[in-house]
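One structure below.
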Amino acid sequence: MSRKGLLKRLENGGNLVVAEGYIFEFERKGYLQAGTFVPLVTIEHPELVRLMYEEFVHAGSDVVLAFTFYAHKEKLRLIGRENDLEKINSAALKMAREVADKHGCLMAGNIFSSTVYLPDDEETHKVTEEMFKEQIELAVKYGADFIVAETFFHHGEAMLALECIKKYGKGLPAVVTMSSPATDTFVDGVKVAECCKLLEDAGAAVVGLNCGRGPETMIPLLKEIRQMCKGPIAALPVPYRTTPEEPTFFSLTVPGTKKRAFPLDLCACLCSRQQIAEFAEQCKEIGVQYIGLCCGNSANMTRIVAEKYGRNPPASKYAPAMEKHFIFGDKSKFKSGFTEDLRTHIGGQFD
């Protein structure tokens, strides 16, 4: 795959569907610990990581994003596994390259919030740069087509990440996305749309938002970014029902209670398939060229996004066909004892 594959795919209004969300999906499956969120599954059960890469491609992802999120020195230090940094990253990148080549996809390396960066502390900047350098160089070594730098809460850290990709990335393009805040301003005081414009001006191939906000509350910010930026913009929300009152998934409460949903009860706030479809349609209208879903994503949701963006992935073969269901389907195809009598028995309006 050409190292310029990202730029070529986005020329003349082209688009990319990009599946993220490995962390939450592996936590749901029982292979990753909530709280630490460190992807030890990559070396403990590599076959499952490869399978998830395959599942997302099957669902329509054009990119295999290497599962190196939270596999940096600071996160590994918290659990005493710093010495496994190269082992974990190398395994994730190698498998991602193999799956991408098998299916003709792009493969992306991944760097992200250091969790140590402080705007006014130069020492944390040096530590953060070293963390970025380690992961970028490994991504280059294993043949990444581009580098994703994502989930930043500070404009300054995102700019540092972009600088590091340019410095250590051997010319690989950079996709830089910020974690959507509850307001229109990041921690260090830079407004969302302005931040994206500055990143674009500094050389990022794609800029935009990931994580933080769900579809409903990300759309207004995307419209501002589209007006401000000239090049491709990205949108990868969390698939949860955030609202103006609870704009991020960190602030969501379990419906009917005042209990914070993040992270263990977010399932109570999950978007419907229809909401995901509507979000993808809105993004197409806005002009989002780099589209996907973040924490909480699953293959069926990626398929919906892919289909709305004109794809016909293998998973579409198994798209719902409820007209064939013996209770909810076409009445002419089943005995009335099922399509009519049972509907009455289970309650609800169906016609």
Side-chain angles (χ1 to χ4, degrees), residues 1-22 39 42 49-50 52-69 71-72 86 88-112 132-151 158 161-177 199-200 202-208 210 231-236 288-294 297 302 305-306 309 311 313:
M1 185 66 68
S2 168
R3 293 292 177 89
K4 295 182 179 179
L6 172 76
L7 304 181
K8 289 292 184 184
R9 288 292 296 270
L10 296 176
E11 283 180 352
N12 302 316
N15 54 63
L16 283 172
V17 176
V18 186
E20 296 193 0
Y22 300 101
T42 304
V49 175
R50 184 185 293 272
M52 194 170 291
Y53 289 161
E54 292 274 2
E55 286 178 355
F56 280 140
V57 172
H58 179 77
S61 184
D62 299 311
V63 176
V64 181
L65 179 66
F67 185 29
T68 60
F69 195 93
H72 61 41
E86 184 169 353
I88 293 172
N89 281 267
S90 295
L93 288 157
K94 183 174 183 291
M95 287 189 289
R97 183 70 271 169
E98 290 169 354
V99 173
D101 288 343
K102 175 182 174 182
H103 295 283
C105 297
L106 298 176
M107 189 275 269
N110 193 200
I111 62 174
F112 36 87
F132 289 158
K133 178 177 182 289
E134 288 176 322
Q135 291 193 295
I136 291 168
E137 289 181 339
L138 285 169
V140 171
K141 177 181 177 180
Y142 286 95
D145 295 298
F146 64 99
I147 307 289
V148 173
E150 63 172 319
T151 323
L162 176 57
E163 291 168 10
C164 287
I165 294 170
K166 292 162 69 175
K167 186 175 181 180
Y168 305 113
K170 303 293 185 181
L172 293 183
V175 172
V176 186
T177 56
L199 288 165
E200 182 180 71
V206 181
V207 298
N210 80 295
I233 66 170
L236 300 101
V288 173
Q289 291 176 250
Y290 187 103
I291 182 78
L293 298 168
C294 198
N297 184 29
T302 292
V305 173
Y309 266 68
R311 309 295 195 272

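Starting from 1, each residue takes its place in the sequence as its number. Values reported hereafter were calculated over all heavy atoms of this structure, with side chains retained and with hydrogens, waters and symmetry mates removed.
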Using only atom types and a distance under 3.5 Å, with no angle test, would you say the side chain of [X] pairs donor to acceptor with the backbone of [Y]?
| X | Y | result |
| --- | --- | --- |
| Q289 | L10 | yes |
| K141 | S90 | no |
| E200 | I233 | no |
| N210 | L236 | no |
| R311 | G60 | no |

Side-chain donor-acceptor pair present, N110, E150, cut-off under 3.5 Å: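 N110 vs E150: donor-acceptor pair found between side chains.
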Between K133 and E137 (salt bridge meaning N to carboxylate O under 4.0 Å), is one present in this structure?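 Answer for the salt bridge query: yes.
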E134: side-chain contact (heavy atoms from CB on, under 4.5 Å) partners, not counting sequence neighbours: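 Once residues adjacent in sequence are excluded, the partners of E134 under the side-chain contact (heavy atoms from CB on, under 4.5 Å) criterion are K73, L85, E130.
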A139: what forms a side-chain contact (heavy atoms from CB on, under 4.5 Å) with it, not counting sequence neighbours?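 Partners of A139 by the side-chain contact (heavy atoms from CB on, under 4.5 Å) criterion, ordered by chain and then number, come out as L93, A144, I147.
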If you compare all heavy atoms of [X] against all heavy atoms of [Y], which two are closest, and at what distance to 0.1 Å?
| X | Y | value |
| --- | --- | --- |
| T302 | S61 | CG2-N, 4.1 Å |
| A204 | L162 | N-CD2, 3.8 Å |
| T42 | A92 | CG2-N, 3.6 Å |
| A158 | V176 | CB-CG1, 4.1 Å |
| P313 | A59 | CG-O, 3.3 Å |
| P173 | A205 | CB-CB, 4.1 Å |

Measure the shortest side-chain to side-chain distance between [X] and [Y] over non-hydrogen atoms and say whether it is less than 4.5 angstrom.
| X | Y | result |
| --- | --- | --- |
| I111 | I136 | yes |
| F146 | V63 | yes |
| H103 | D62 | no |
| E163 | F132 | no |
| N297 | E20 | no |

[X] side, atom [atom1]; [Y] side, atom [atom2] - distance, nearest 0.5 Å:
| X | Y | atom1 | atom2 | answer |
| --- | --- | --- | --- | --- |
| Y142 | M107 | OH | CE | 10.0 Å |
| C105 | L65 | SG | CG | 12.0 Å |
| H58 | E55 | NE2 | CD | 8.5 Å |
| Y290 | L6 | OH | CG | 7.0 Å |
| L16 | Y309 | CG | OH | 10.5 Å |

Run the side chain to side chain donor-acceptor pair (under 3.5 Å) test against E98 and tell me which residues pass, sequence neighbours left out.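 Counting only residues at least two positions away or on another chain, E98 forms a side chain to side chain donor-acceptor pair (under 3.5 Å) with R50, K94.
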Can you check whether Y53 and F67 have ring centres sitting under 6.0 Å from each other?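 Between F67 and Y53, which both carry aromatic rings, the centre distance is not below 6.0 Å.
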Take R97 and D145 through the test side chain to side chain contact (heavy atoms under 4.5 Å, CB included) and record every step on the way to the result. CA-CA 9 Å; R97 183 70 271 169; D145 295 298; 3.0 Å; yes
Give the ring-plane orientation class for Y22 versus F56, where under 30° counts as parallel, over 60° as perpendicular and anything between as tilted.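 If you compare the ring of Y22 with that of F56, the planes turn out perpendicular.
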